[in-house]
Asker: 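The structure's right below; bear with me while I get my questions together.
Note that the structure is a prediction, hence the values are computed from the model and not measured.
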Amino acid sequence: MADPRLNPTERTPQLQAVLLDRDGVLNVNRPDYVTRAEQWRWLPGALDACARLTGLGLRLAVVTNQAAVGHGLLTAHELDRIHDRMAADLAAVGVPRPVILHCPHPSAVGCSCRKPRPGLLTGVLERLQTLPARALLVGDHDTDLMAAAAAGCWSLHVRSGRGGPPAAHPGCLGSVPGLAEAAELITTLTATDWRRSPLPRAEGRHPGTARPREGARP
């Protein structure tokens, strides 16, 4: 079966959008969730990386599982405050407010929006009016990469959140330490054929609908 990211009429689709997981990619991943705006802490280099990506003409979006809402640990109003703070910090370095979509459901609900299912990604792509082949997701967990594969997007793993390089996933370009390195790689790749990553790929096969590995939140 052909890779859904490849457009047979366009050999090298232009990258238009970078979709970002939140916790562990943009901000410090707390084991007890970020439940107040005052708890927000940017990861080193992440803010400047966002500015670098938008400087390339790329649109940014944030796609994040926030089961704390469904568990009653975080209100929708406070989540908006957290994202308003994030957006204010981005605006201070010249980055427009990204499209932000979240899934509030615990995994037991079985919704279509919670990663590793692709609902958040397809929703963002619709808002951005961007084809999956022109989008790349940056995430810190297998569930992010599985969602990207299901949506037909490219992906890049960062080790700044919940673990080392994952097993291989369709469309994953590799693994880097953090968002700063991801932005550097994307800068290099957009100048050539961004689909051909120079990074070593993890061995293994895509787990499909396999249960997410340890470290995935309920």
Asker: Would you check if the side chain of T130 reaches a backbone N or O of L128 as a donor-acceptor pair within less than 3.5 Å?
Answerer: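 Yes; at least one donor-acceptor contact below 3.5 Å.
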
Asker: Give a yes or no answer on whether the side chain of R159 reaches the backbone of S175 with a donor-acceptor pair at less than 3.5 Å.
Answerer: yes

Asker: Tell me, which pairs form a side chain to side chain donor-acceptor pair (under 3.5 Å) where one or both residues lie in residues 44-56, sequence neighbours left out?
Answerer: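 Pairs touching residues 44-56 that pass the test: R52-T187.
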
Asker: After noting the C-alpha distance and the side-chain angles of M86 and V62, does the key distance pass the side chain to side chain contact (heavy atoms under 4.5 Å, CB included) rule?
Answerer: CA-CA 11 Å; M86 177 188 74; V62 177; 4.1 Å; yes

Asker: Is a side-chain donor or acceptor of E181 paired with a backbone partner of G178 at a separation under 3.5 angstrom?
Answerer: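 The answer is yes, because a donor-acceptor pair under 3.5 Å joins these two groups.
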
Asker: Could you please spell out the steps behind the side chain to side chain contact (heavy atoms under 4.5 Å, CB included) verdict for L74 and I82?
Answerer: CA-CA 11 Å; L74 171 65; I82 292 168; 4.1 Å; yes

Asker: Can you check side chain to side chain contact (heavy atoms under 4.5 Å, CB included) on M146 and H169, steps first, answer last?
Answerer: CA-CA 7 Å; M146 292 167 69; H169 293 271; 3.4 Å; yes

Asker: The test is side-chain hydrogen bond (donor to acceptor under 3.5 Å, both in side chains); show your working for R114 and S107 and say whether it passes.
Answerer: CA-CA 7 Å; R114 182 177 172 83; S107 57; 4.7 Å; no

Asker: With a 3.5 Å distance limit and no angle check, can you tell me whether N27 reaches the backbone of W40 through a side-chain donor-acceptor pair?
Answerer: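 Checking the backbone N and O of W40 against the side chain of N27, no donor-acceptor pair under 3.5 Å is found.
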
Asker: Any side-chain heavy-atom pair from H71 and P106 closer than 4.5 angstrom?
Answerer: yes

Asker: Which atoms form the tightest heavy-atom contact between G174 and L156, and what is the distance?
Answerer: O-CD1, 3.4 Å

Asker: Please determine whether the number of non-hydrogen atoms from other residues, nucleotides or ligands lying under 6.0 Å from atom CD of Q129 exceeds 12.
Answerer: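 No - once you tally the heavy atoms of other residues, nucleotides and ligands closer than 6.0 Å, there are 12 at most.
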
Asker: Transitively linked via ILVMFWY side-chain contacts under 4.5 Å: V124 with L90?
Answerer: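 Cluster IDs for V124 and L90 differ.
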
Asker: Indicate if L58 and L136 have the same hydrophobic cluster label, given that clusters are the connected sets of ILVMFWY residues with side-chain heavy-atom separations under 4.5 angstrom.
Answerer: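 Yes; L136 is reachable from L58 via cluster members.
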
Asker: Between OG of S112 and NE2 of H105, what distance do you get to the nearest 0.5 Å?
Answerer: 8.5 Å

Asker: What is the minimum heavy-atom distance between R85 and A37, and which atoms define it?
Answerer: NH1-O, 2.9 Å

Asker: Nearest 0.5 Å, what's the OG-CG distance between S155 and D21?
Answerer: 12.0 Å

Asker: Check L121 against A148 and note the closest heavy-atom contact, atom names and distance.
Answerer: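 Closest approach of L121 to A148, heavy atoms only: CD2-CA, 3.6 Å.
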
Asker: Looking at D144 and R22, is there a salt bridge between them, counting it only when a charged N and a carboxylate O are closer than 4.0 Å?
Answerer: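 A salt bridge is absent here (no side-chain N lies under 4.0 Å from a carboxylate O).
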
Asker: Do you know which two heavy atoms are closest between V25 and D140, and how far apart they sit?
Answerer: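 Distance-wise, the nearest heavy atoms are CG2-N, 3.9 Å.
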
Asker: Give, for atom CD1 of I186 and atom CG of L15, the distance between the pair rounded to the nearest 0.5 Å.
Answerer: 6.5 Å

Asker: Do L43 and V176 sit in the same hydrophobic cluster, where Ile, Leu, Val, Met, Phe, Trp and Tyr count as joined when their side-chain heavy atoms come under 4.5 Å apart?
Answerer: no

Asker: Under the criterion side chain to side chain contact (heavy atoms under 4.5 Å, CB included), I'd like the reasoning laid out for R36 against E78: C-alpha separation, chi angles, the key distance, then a yes or no.
Answerer: CA-CA 6 Å; R36 301 194 312 276; E78 190 61 28; 3.9 Å; yes

Asker: How many angstroms lie between CG in L131 and CD in Q14, if you round to the nearest 0.5 Å?
Answerer: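 Separation between the atoms: 11.5 Å.
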
Asker: Would you compute the distance between atom CD of Q39 and atom OH of Y33 and round it to the nearest 0.5 angstrom?
Answerer: 13.0 Å

Asker: For the pair R30 (side chain) and D23 (backbone), establish whether a donor and an acceptor sit closer than 3.5 Å, ignoring hydrogens and angles.
Answerer: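 Not confirmed, R30 side chain does not pair with D23 backbone.
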
Asker: To the nearest 0.5 Å, what is the distance between CG (L20) and CG (L137)?
Answerer: 7.5 Å

Asker: Is there a path from V18 to V93 through hydrophobic residues (I, L, V, M, F, W, Y) whose side chains come within less than 4.5 Å of each other?
Answerer: yes

Asker: Check whether L26 and L53 end up in the same hydrophobic cluster, where Ile, Leu, Val, Met, Phe, Trp and Tyr are linked by side-chain heavy atoms less than 4.5 Å apart.
Answerer: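 The answer is yes; both residues are in one hydrophobic cluster.
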
Asker: Which atom names give the shortest non-hydrogen contact between L19 and L125, and what distance separates them?
Answerer: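 The answer is CD1-CD2, 4.3 Å.
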
Asker: Say whether H141 and T143, considering side chains only, have a donor N or O and an acceptor N or O under 3.5 Å apart.
Answerer: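 Yes.
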
Asker: Can you confirm whether more than 12 heavy atoms, excluding those of R127, are under 6.0 Å from its CZ atom?
Answerer: no

Asker: Minimum heavy-atom separation for W42 and V28, please, with both atom names.
Answerer: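 That closest heavy-atom pairing would be O-CG2, 4.4 Å.
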
Asker: Within the 4.5 Å heavy-atom criterion, are N65 and L120 side-chain neighbours or not?
Answerer: yes

